Protein chains: 2
Amino acid sequence: MDFDLGARLRAVRELQGLSQRELAKRAGVTNGTISLIEQNRVSPSLSSLKKVLDGIPMSLADFFALNTGPRPKIFFGRDELLEIGGGAAISYRQVGHDLAGRGLQILHERYAPGADTGKAMLRHAAEEGGVVLKGELEITVGDQRRVLGPGDAYYFDSRTPHRFRNLGDEPCEVVSACTPPSF
Amino acid sequence: MDFDLGARLRAVRELQGLSQRELAKRAGVTNGTISLIEQNRVSPSLSSLKKVLDGIPMSLADFFALNTGPRPKIFFGRDELLEIGGGAAISYRQVGHDLAGRGLQILHERYAPGADTGKAMLRHAAEEGGVVLKGELEITVGDQRRVLGPGDAYYFDSRTPHRFRNLGDEPCEVVSACTPPSF
DNA sequence: GCTTTTCGTTTAATATCTTAGACGATCTAA
DNA sequence: TTAGATCGTCTAAGATATTAAACGAAAAGC
């Protein structure tokens, strides 16, 4: 665990002015269980933790979202972004050279026949969308997949895994936008 | 449990395109454990659930806060783009109908010959850019002016006054992006 | 056709969690 | 001082979760 579950539960319980026994009674568990959890001597089952939180009451989502303060900027161009290098098969022509301080990245993309952004699907914290200009492009986002033709468009949260492939036999052109820039 | 833990985990896992075994390997648990959890035949210990989510990766907070609402539309056929402010001379076809919560607006624009966004130049707090697909477009930004042709592109801070005009005798097409949405 | 791989599931054995109950410490009231 | 109440902790026994291995089904290669 990357956080102190026991301390978190204890803090929440004491904030409510509840004793271990009182909370245990409300939750339908024994006081010993709560004691052990608060000492981090066991890793409670979800059913137990849920019962305990119901006795406070507090949702699991709220419990885990506690005290997290300003969300750390994870996912920040962290992985796979350059793996797109389907090599010569895919070319990106970026509008503008310096992305520093920008909130928006615009690309004119060209996918050669058979070009593929890769099997390990891309993930980055942003939103992106685009319009297909020429050719056909198969786009997979999460468990949804569709082949888009000229004039068709897409838009999705970039955190869901996605993949682009040109399944046709002619080059495919796309103008895409992404915010914030991920390259 | 007031929600289907097993189904939630399965949905998250499959959205990543991971098999039970692949995820188990990443998480440091056995595939059987994941199978049993997804069938709700056990209530996993928090340590186990944490390990599993680390293999995705996803935080506990995000997992329990997962949006169970309807999934947003991702793909848009060429006839499904939303017509905006459709003057006869200029048509804006927006990717996606609902901008609420979005950080990015993408438009497929068409300027008829002679079309003009107006003498009183536009100003809004955002950044925007685009790529010209067909025809020619005169763009004025502040005291700079230029005529762009197919493949040419632009990018500027929307707070500086700007104006678009199609001076040619054929229609002009542009794909543009703007953040945050200004309509 | 056949083999090989991968998929999710199941089961017996093991590891871990939860309970019931007891323990000492602390506080209050008689 | 004493008895009673309440606190958090601890431990053995029972309940549950996890593992390791095997299973049949389905897809992929040959």
Side-chain angles (χ1 to χ4, degrees), chain A residues 1-60 63-64 114 116 118-121 138 140 142-145 161 163 165 167, chain B residues 1-60 63-64:
Chain A
M1 310 296 290
D2 60 351
F3 66 91
D4 191 333
L5 173 70
R8 184 174 294 210
L9 176 58
R10 174 161 291 174
V12 169
R13 174 177 64 81
E14 292 181 341
L15 209 62
Q16 303 295 322
L18 296 173
S19 69
Q20 289 181 348
R21 280 182 163 82
E22 287 170 2
L23 178 54
K25 185 178 177 182
R26 296 191 191 187
V29 300
T30 62
N31 62 302
T33 295
I34 292 179
S35 177
L36 294 172
I37 292 173
E38 289 186 353
Q39 297 172 77
N40 288 316
R41 289 178 46 184
V42 298
S43 180
S45 72
L46 254 197
S47 57
S48 293
L49 181 61
K50 180 63 164 52
K51 282 193 285 186
V52 171
L53 291 179
D54 282 345
I56 287 181
M58 173 176 281
S59 74
L60 285 163
F63 181 74
F64 287 110
D116 188 346
K119 193 174 182 180
M121 302 211 294
E138 178 209 62
T140 305
D143 60 352
Q144 298 185 63
R145 184 174 58 85
R163 177 187 197 178
R165 283 197 295 174
L167 296 178
Chain B
M1 309 297 286
D2 60 350
F3 67 96
D4 191 333
L5 172 70
R8 182 173 294 212
L9 175 58
R10 175 160 291 175
V12 170
R13 174 177 63 80
E14 292 181 342
L15 204 62
Q16 310 299 325
L18 296 173
S19 69
Q20 289 181 347
R21 281 181 163 82
E22 288 170 359
L23 178 54
K25 185 178 178 182
R26 296 190 191 186
V29 300
T30 62
N31 62 303
T33 295
I34 292 179
S35 177
L36 294 172
I37 292 173
E38 290 186 352
Q39 297 173 76
N40 287 316
R41 288 175 51 181
V42 298
S43 179
S45 71
L46 254 195
S47 57
S48 293
L49 181 61
K50 179 64 163 53
K51 281 193 283 186
V52 170
L53 292 179
D54 281 345
I56 286 181
M58 172 177 280
S59 74
L60 285 162
F63 181 74
F64 288 111

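Each chain gets a letter, A, B and so on, in the order its sequence line appears, and its residues count up from 1. All values reported here derive from a predicted model rather than from experimental measurement.
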Heavy-atom closest contact (A/L23 atom, A/R13 atom, distance): CD2-CD, 3.7 Å

Side-chain N or O of A/T30 closer than 4.0 Å to phosphate OP1/OP2 of C/dT18: no

Rounded distance in Å - CD1 (A/I37) to P (D/dG8): 14 Å

Atom-pair distance (NZ on A/K25; P on C/dT19), nearest Å: 16 Å

Under-4.0 Å side-chain N/O to phosphate OP1/OP2 contact, A/R13 with D/dC7: no

Side-chain N,O (A/S48) to OP1/OP2 (C/dT18) below 4.0 Å: yes

Between P of C/dT10 and CD of B/E38, the distance in whole Å: 13 Å

A/L9 CG to D/dG8 P, straight-line distance once rounded to whole Å: 12 Å

N-O pairing of B/D4 and B/R8 below 4.0 Å: no

Sugar-phosphate, base or nothing in reach of B/L36, heavy atoms under 4.0 Å: base

Short side-chain N/O contact from A/R41 to OP1 or OP2 of D/dC10, under 4.0 Å: yes

Side-chain N or O of B/Q20 closer than 4.0 Å to phosphate OP1/OP2 of C/dT6: no

Closest approach of A/Q20 to A/N31 (non-hydrogen atoms, all atoms of both residues): OE1-O, 4.1 Å

Value in whole Å for how far the P atom of D/dC7 lies from CZ of A/R10: 13 Å

Rounded distance (Å) that lies between atom P of D/dT16 and atom CG of A/L49: 18 Å

Distance in angstrom units between B/N31 CG and D/dT18 P, rounded: 14 Å

Listed nucleotide nearest any side-chain atom of B/V42, set C/dC7, D/dA17, C/dT10: D/dA17

Contact under 4.0 Å: A/S35 side-chain N or O vs D/dT9 OP1/OP2: yes

D/dT18 phosphate, OP1 or OP2, under 4.0 Å from B/T33 side-chain N/O: no

Approximate separation, where rounding is to 0.5 Å, of B/S45 OG and A/L49 CG: 11.0 Å

Below 4.0 Å: OP1/OP2 of C/dA20 and any side-chain N or O of A/R21: no

Toward the 5' end of DNA chain C, by each residue's nearest nucleotide, B/S19 or B/G32: B/S19

Which atom of B/P44 lies closest to which atom of B/L5, heavy atoms considered: CD-CD2, 3.6 Å

Nearest-angstrom distance from the residue atom CD of B/E22 to P of C/dT5: 16 Å

CG on B/L60 to CG on B/D54, rounded to 0.5 Å: 7.5 Å

Sugar-phosphate, base or nothing in reach of A/Q39, heavy atoms under 4.0 Å: sugar-phosphate

Side-chain N,O (A/S45) to OP1/OP2 (C/dT18) below 4.0 Å: yes

